[in-house]
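Right, one structure below, let's go through it.
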Amino acid sequence: MTLTTEKTMRLAGTDELDIVKTFECGQCFRWNADESGVYRGTALGAAARVWSADGGVYIASDFDPGWRDYFDLGCDYDGISLNFTGISPYMDECVAFGRGIRILRQEPWEALCSFIISQCNNIPRIKGIVERLCQGFGEPLSFEGDTYYTFPPAETLAGLSEKDLAPLRCGYRAAYIISAARAVADGTLDLDALSCACCEDSLKTLKNCYGVGTKVANCANLFGLGHMEAFPIDVWMKRALNEHFPPDFDPAALGPYAGLAQQYIFYYARSEGK
DNA sequence: AAACAGGCCTAAA
DNA sequence: TTTAGGCCTGTT
C-alpha cells in the first residue's frame with residue numbers, strides 16, 4: 001500500500017479550455033460528468049477529477065502524467081483559428097461555437113482501439129464497450145475512494161482471442177481489435193514511429209490494419225498521433241461539407257491544423273442536428 | 001417490426 | 001475504381 005498525495009493544479013482559463021465541449025465533442029470516451037458538471041476519468045495511466053470554477057479549469061490527481069500536454073495547452077488555438085476565418089460565414093460560426101475545444105493528445109493505442117470500436121456505433125454504446133474493455137483487461141487505479149481502470153495496453157489484448165472479448169458485446173469489431181493489438185504488440189505496427197512520420201504516410205500504414213479504413217485511420221492520426229492536419233470525415237462531416245462548402249472544397253486548404261477546423265465543424269454540425 | 005447507427009470487408013462489375 | 005450487401009449489437 002503506497003500513500004499518495006493528491007495534488008490540484010490550475011490548467012487554464014475557461015475561455016482557453018472548455019471542458020464540456022472538449023469532453024463531449026466526440027473525441028474521447030472515458031470522461032464522465034456528474035450532476036454538478038465535474039468530470040472524472042483516466043488518461044495516460046492516471047485517474048483525475050476536472051472542474052471549472054471562477055473562470056479557471058482545475059485538475060486533481062495523484063500524480064501528473066503531463067496534463068498540460070494532454071490538453072494541448074502549449075498550443076495557441078485562437079491564433080491557429082485565425083487561419084480558419086474569412087473562409088465563409090459558416091466556418092466563422094463553427095469557430096465561434098467551438099471555441100474552447102482542445103484536441104486531446106490521447107495515447108496512440110487508446111485512440112486507435114477506441115475508434116476501431118466506434119465504427120457504425122453511437123457514443124453511448126462506444127462508451128459502454130470501452131468501459132467494459134478497461135474493466136475487464138485494464139489495471140485498477142484507486143482515486144478518491146473510487147476504482148478506475150486504465151486502458152489495456154495492446155500487449156495485454158494481443159494475448160486474447162475474439163472469444164475473450166465476447167463480454168464486451170462489440171460484435172464484429174472484436175476481430176479488428178485483436179488484429180490491431182497483435183500488430184502493435186509484435187512491432188509490425190509502430191505507433192510511436194507513425195506519430196513522427198508524416199500524416200499521409202501514417203494514414204497509409206494505419207489503413208493496412210484489418211478493420212481500419214480511412215475514417216478510423218484519420219481519427220487515430222488526429223486524436224492519438226498528434227497529426228493536426230488529419231481530417232476525419234464521417235456522416236456528420238459529409239453532411240456539413242455538402243451543405244455548407246463548395247463541392248470542390250479541399251480540406252487541405254485549411255492548413256496544417258485542419259483537424260482542429262474539422263472538430264469545430266463537426267461539433268457545430270452535431271449540435272445543429274439535435 | 002424493420003431500419004438504421006460517428007465503417008469496413010469482400011465480391012463483383 | 002466504384003458499388004452492393006453483410007456484419008454484431010442496440011435503439012427507435
Side-chain angles (χ1 to χ4, degrees), chain A residues 20-32 94 97-98 101-104 106 109-137 151 157 160-184 188-189 202-225 227 230-245 247-248 251 258-274:
Chain A
V20 176
K21 293 179 188 175
T22 297
F23 290 142
E24 307 290 350
C25 73
Q27 63 176 321
C28 60
F29 307 102
R30 301 211 65 209
W31 291 98
N32 297 297
C94 292
F97 188 78
I101 288 179
R102 313 295 302 188
I103 303 291
L104 296 173
Q106 300 179 247
W109 165 245
E110 174 172 346
L112 175 60
C113 189
S114 297
F115 282 96
I116 284 174
I117 290 168
S118 81
Q119 63 189 78
C120 217
N121 263 162
N122 52 40
I123 289 179
R125 186 147 101 100
I126 299 165
K127 282 186 155 187
I129 293 169
V130 170
E131 216 42 49
R132 291 190 286 278
L133 177 71
C134 295
Q135 286 189 15
F137 307 104
F151 196 93
L157 302 183
L160 304 178
S161 67
E162 280 180 51
K163 274 198 159 164
D164 297 318
L165 297 188
L168 305 187
R169 283 170 285 141
C170 67
Y172 56 81
R173 300 159 197 82
Y176 302 160
I177 294 171
I178 299 287
S179 171
R182 290 182 179 165
V184 170
T188 312
L189 183 65
S202 177
L203 186 76
K204 214 173 291 177
T205 304
L206 288 167
K207 284 177 67 173
N208 288 332
C209 298
Y210 179 57
V212 178
T214 306
K215 158 66 166 61
V216 171
N218 269 302
C219 286
N221 254 352
L222 179 58
F223 302 121
L225 299 173
H227 285 125
F231 200 88
I233 298 176
D234 60 3
V235 294
W236 290 96
M237 281 302 292
K238 211 167 274 176
R239 202 173 312 158
L241 290 173
N242 282 337
E243 292 177 8
H244 302 286
F245 291 81
D248 60 339
L260 177 59
Q262 182 275 348
Q263 206 57 21
Y264 289 149
I265 298 166
F266 175 77
Y267 183 64
Y268 191 51
R270 283 206 65 205
S271 78
E272 281 183 313
K274 286 186 187 169

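First the proteins, then the strands, lettered A, B, ... as listed; each starts at 1.
In this structure, A:Lys127 and A:Trp31 approach most closely via the heavy-atom pair NZ-O, 3.6 Å. The nearest pair of heavy atoms linking A:Tyr172 to A:Cys120 is OH-CB, 3.6 Å. Summarising the geometry of A:Met237 relative to A:Pro232, their closest heavy-atom pair is CG-O, 3.6 Å, with the distance given to 0.1 Å. Of all the heavy atoms in A:Leu165 and A:Ala174, the pair that sits closest is CD1-O, 3.9 Å. Minimum interatomic distance between A:Gln27 and A:Thr22 (heavy atoms only, all atoms of both residues): NE2-O, 3.0 Å.
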Might you list the N or O atoms of the protein lying below 3.5 Å from N or O atoms in nucleotides 10-13 of chain B, with each pair's distance?
none

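The aromatic ring centroids of A:Phe115 and A:Phe29 lie less than 6.0 Å from each other. For an aromatic pair to be called close, the ring centres must be under 6.0 Å apart, and A:Tyr210 with A:Tyr176 satisfies this.
Among the nucleotides B:dG7, C:dC8, C:dG10, the one closest to any side-chain atom of A:Arg169 is C:dG10. Of the candidates C:dC8, B:dC9, B:dG6, the closest approach to any side-chain atom of A:Val235 belongs to B:dG6. Closest to the side chain of A:Arg125, from the set C:dC8, B:dG6, B:dC8, is C:dC8.
Helical stems of DNA chain B (runs of at least 3 Watson-Crick or G-U pairs, donor-acceptor distances under 3.5 Å) are listed by first residue: B:2-5 with C:9-12, B:7-13 with C:1-7.
Ring planes of A:Phe151 and A:Trp109: perpendicular class, angle over 60° (limits at 30 and 60°).
Per the geometry, CD1 belonging to A:Ile116 stands 22 Å off P belonging to B:dA5, to the nearest Å. One interatomic measurement links the two molecules: CG of A:Asn121 to C1' of C:dC8, which rounds to 9 Å at whole-angstrom precision. Regarding A:Leu112, its CG atom lies at a distance of 11 Å from the P atom of B:dC8, rounded to whole Å. As rounded to whole Å, 11 Å separates atom C1' of C:dC8 from atom CD of A:Gln119. Between the CD1 atom of A:Ile117 and the C1' atom of C:dG10 there is a distance of 16 Å, given to the nearest Å. Put simply, CZ on A:Arg173 is 9 Å from P on C:dT9, counting in whole angstrom units. Here the P atom of nucleotide C:dT11 and the CD1 atom of A:Ile126 are 14 Å apart, to the nearest Å. Straight-line distance from the CG atom of A:Leu133 to the C1' atom of C:dT9: 16 Å, rounded to whole Å.
A distance of about 22 Å separates the P atoms of B:dA1 and C:dC8, rounded to the whole Å. Rounded to whole Å, the separation between the P atoms of C:dT3 and B:dG6 comes to 22 Å.
Looking at A:Tyr172, its side chain comes within 3.5 Å of the base of B:dG7 through a donor and an acceptor atom.
Among the heavy atoms of the strands lying under 4.0 Å from A:Gly211 are primed sugar atoms or P, OP1, OP2 only; no base atom is included.
Sequence order on DNA chain B of the closest nucleotides to A:Lys207 and A:Gln27 puts A:Gln27 first from the 5' end. Nearer the 5' end of DNA chain B, as judged by each residue's closest nucleotide, is the contact made by A:Cys25, out of A:Tyr176 and A:Cys25.
One finds the CG atom of A:Asn121 at 5.0 Å from the CD1 atom of A:Ile129 (value rounded to the nearest 0.5 Å).
In this structure, A:Phe223 and A:Ile103 have side chains that are in contact, with non-hydrogen atoms separated by less than 4.5 Å.
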